[in-house]
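Let me begin by presenting the structure, written as structure tokens, before commenting on it.
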Amino acid sequence: MRLARLGPLGAERPVVFAADGTAHDLTPLTADLDGAFLAADGIARTRAALDAGELPAVDPAGLRVGAPVTGIGKVVCIGLNYARHAAESGATPPAEPVVFMKGADTVVGPDDTVLIPRKSVKTDYEVELAVVVGRKARYLDSPADSAAHIAGYAISNDVSEREFQLERGGQWDKGKNCETFNPLGPWLVPADGLTVPDLRLRSWVNGEPRQDERAADMIFDVPYLIWYLSQFMVLHPGDVVNTGTPAGVAMGLPGLPYLRTGDVVELEITGLGHQRQTFA
């Protein structure tokens, strides 16, 4: 089962894709896919309605794909969470998770155009596994408690401007919060449908392979991250956690150019679909 939002920007409608690939209208259950729906057992209710044949079929052909969740309160990001990426960044693997934030207004659809900022010379791509929170997480006792607070997973592109991030003083946020800098989707896949360590994360630029690692290579795994973050902030239903990127970003590949107008970036994670963005 895969949940998605289809339609023009600002007028997306929630749908669910069944195991056979057919799409079904979710508006009999909810006006949209947001934190309130997820917190009210929305995924379980969707599965029950789908199994009962209560959701009418829809034709998704030709419809824009939006981000699979709306009303996001915050996007929490983890840096340097793959050892090879830390090495290519010239950093020592961290003893604790590196945490920074992106504004929810950076989130766009998985195939929407991404805008290179004015005066940018180092715009970069980052395929990441995104966790969507389904239940409030506050001071969890242990990583074992995290699973009950996760609604599902999606692909995230943590687009970054490296000069803004690393060479302009202050914190990383300058290079992370430019408009359109977080394509998300195409789907929200419920957590019980995936074995996270087995997921393969890959990216391509203009058809050339760039990143290829498995989620098992994370320094801090998903249960640990959700537990850890809950000690410092409240994670609310609908919040998104970007869990870090593998090696192979432009910053770590000397001699390769950063992204320029017309470049096409593609990202894929096992079971979570495919993204394709043109940079402009």
Exercise. Do the side chains of His85 and Met251 get nearer than 4.5 Å, heavy atoms only?
Worked result: yes
Exercise. So, for Ser156 and Ala130, which heavy atoms are closest and what is the spacing to 0.1 Å?
Worked result: CB-CB, 3.8 Å
For this session: Find the distance between CZ (Phe279) and CD1 (Ile116) and round it off to the nearest 0.5 Å.
Result: 7.0 Å
Exercise. Are Pro209 and Arg202 side-chain neighbours, meaning at least one heavy-atom pair lies under 4.5 Å?
Worked result: no
Exercise. When you measure from the side chain of Asp111 to the backbone N and O of Arg276, does any donor-acceptor pair fall under 3.5 Å?
Worked result: yes
Exercise. Heavy-atom distance under 4.5 Å between the side chains of Glu126 and Asn242, does that happen here?
Worked result: no
For this session: Look up atom CG in Asp112 and atom CD in Gln275, then write down how far apart they are to the nearest 0.5 Å.
Result: 9.5 Å
For this session: For Arg64 and Gly66, work out which heavy atoms get closest and say how close.
Result: NH1-CA, 3.7 Å
For this session: Compare every heavy atom of Phe17 with every heavy atom of Ala23, then report the nearest pair and how far apart it is.
Result: CB-CE2, 3.7 Å
Exercise. Is there a chain of hydrophobic side chains (I, L, V, M, F, W, Y, each step under 4.5 Å between heavy atoms) that links Val108 to Val76?
Worked result: no
Problem set entry | Among Val114, Val205, Val264, side-chain contact (heavy atoms from CB on, under 4.5 Å) partner for Leu259 | Val205
Problem set entry | Carboxylate-amine/guanidinium contact Glu161 Lys119, below 4.0 Å | no
Exercise. Does Val98 reach the side chain of Trp172, with side-chain heavy atoms less than 4.5 Å apart?
Worked result: yes
Exercise. Rounded to the nearest 0.5 Å, what separation is found between the NE2 atom of His274 and the CH2 atom of Trp204?
Worked result: 6.0 Å
Exercise. Hey, are Thr27 and Asp25 close enough side-chain-wise for a donor-acceptor pair under 3.5 Å?
Worked result: yes
Exercise. Are Arg162 and Tyr258 close enough that a side-chain donor and a side-chain acceptor fall under 3.5 Å?
Worked result: no
For this session: State plainly whether one hydrophobic cluster holds both Val222 and Met233, where clusters connect Ile, Leu, Val, Met, Phe, Trp and Tyr through side-chain heavy atoms under 4.5 angstrom apart.
Result: yes
Exercise. Would you say Thr245's side chain and Glu128's backbone share a donor-acceptor pair under 3.5 angstrom?
Worked result: no
Seminar exercise, completed: Scanning both residues in full, the closest heavy-atom pair of Phe164 with Gly175 reads CB-CA, 3.6 Å
Exercise. How many angstroms lie between CG in Leu272 and CH2 in Trp187, if you round to the nearest 0.5 Å?
Worked result: 8.0 Å
For this session: Would you kindly confirm whether Phe220 and Leu199 end up in one hydrophobic cluster when ILVMFWY residues are joined by side chain heavy atoms under 4.5 Å apart?
Result: yes
Problem set entry | From CA spacing to verdict: side chain to side chain contact (heavy atoms under 4.5 Å, CB included), Gln211, Leu201 | CA-CA 7 Å; Gln211 297 174 277; Leu201 294 79; over 6 Å; no
Exercise. Is it true that Leu256 and Val265 fall in one hydrophobic cluster, defined by side-chain heavy atoms closer than 4.5 Å?
Worked result: yes
Problem set entry | Contact check, side chains of Met218 and Ile78, non-hydrogen atoms, under 4.5 Å | no
Problem set entry | Thr70 vs Glu12, side-chain hydrogen bond (donor to acceptor under 3.5 Å, both in side chains): CA-CA, chis, key distance, verdict | CA-CA 10 Å; Thr70 190; Glu12 298 93 342; over 6 Å; no
For this session: Return the minimal non-hydrogen interatomic distance between Pro186 and Pro68, and the atom names on each side.
Result: O-CB, 4.1 Å
Exercise. Would a distance-only check, ignoring hydrogens and angles, find a side-chain to backbone donor-acceptor pair under 3.5 Å from Trp227 to Ser146?
Worked result: no
Problem set entry | From CA spacing to verdict: side chain to side chain contact (heavy atoms under 4.5 Å, CB included), Ile226, Leu140 | CA-CA 8 Å; Ile226 300 303; Leu140 300 184; 4.1 Å; yes
For this session: Answer yes or no: is there a donor N or O on one side and an acceptor on the other, between the side chain of Glu213 and the main chain of Ala247, under 3.5 Å?
Result: yes
For this session: Could you work out the complete set of other residues in the hydrophobic cluster of Ile72, with links drawn between I, L, V, M, F, W and Y side chains under 4.5 Å apart?
Result: Met1, Leu3, Val16, Leu26, Leu29, Leu33, Phe37, Leu38, Ile43, Leu50, Leu55, Val69, Val75, Val107, Val132, Leu184, Leu188, Val240
Problem set entry | Short side-chain to backbone donor-acceptor contact, Asp239 and Val133, under 3.5 Å | no
For this session: Taking Asn182 for its side chain and Thr106 for its backbone only, find out whether a donor-acceptor pair lies under 3.5 Å.
Result: no
For this session: Check the angle between the aromatic planes of Tyr228 and Phe232 and answer parallel, tilted or perpendicular using the 30° and 60° thresholds.
Result: tilted
For this session: Would you mind reporting whether Glu268 and Glu266 have side-chain heavy atoms less than 4.5 Å apart?
Result: no
For this session: Measure the spacing between CD of Glu208 and OG of Ser203 and express it to the nearest 0.5 Å.
Result: 10.0 Å
Exercise. Would you call Arg214-Asp198 a salt bridge at under 4.0 Å N-O?
Worked result: no
For this session: Taking Asp51 for its side chain and Ala48 for its backbone only, find out whether a donor-acceptor pair lies under 3.5 Å.
Result: no
Exercise. Does the Thr243 side chain pair with the main chain of Leu129, one donor and one acceptor, at a distance under 3.5 Å?
Worked result: yes
Problem set entry | Within-4.5 Å side-chain heavy-atom neighbours: Thr180 and Thr113 | no
For this session: Quick one: do Tyr125 and Leu267 satisfy side chain to side chain contact (heavy atoms under 4.5 Å, CB included)? Show the steps, please.
Result: CA-CA 9 Å; Tyr125 52 89; Leu267 307 97; 5.6 Å; no
Exercise. Under 3.5 Å, is there a donor-acceptor pair between the side chain of Arg45 and the main chain of Ala40?
Worked result: yes
Problem set entry | pair Ser89-Leu80: side-chain heavy atoms closer than 4.5 Å | yes
Seminar exercise, completed: Between the CG atom in Asp124 and the CG atom in Asn157, the distance rounded to the nearest 0.5 Å is 9.0 Å
Exercise. For Phe181, does its backbone N or O pair with a side-chain atom of Lys102 as donor and acceptor, under 3.5 Å?
Worked result: yes
For this session: For Leu63, enumerate each residue passing the side chain to side chain contact (heavy atoms under 4.5 Å, CB included) test, keeping only those at least two apart in sequence or located in another chain.
Result: Leu6
Exercise. Can you check side chain to side chain contact (heavy atoms under 4.5 Å, CB included) on Arg200 and Asp212, steps first, answer last?
Worked result: CA-CA 7 Å; Arg200 183 181 180 186; Asp212 189 349; 2.6 Å; yes
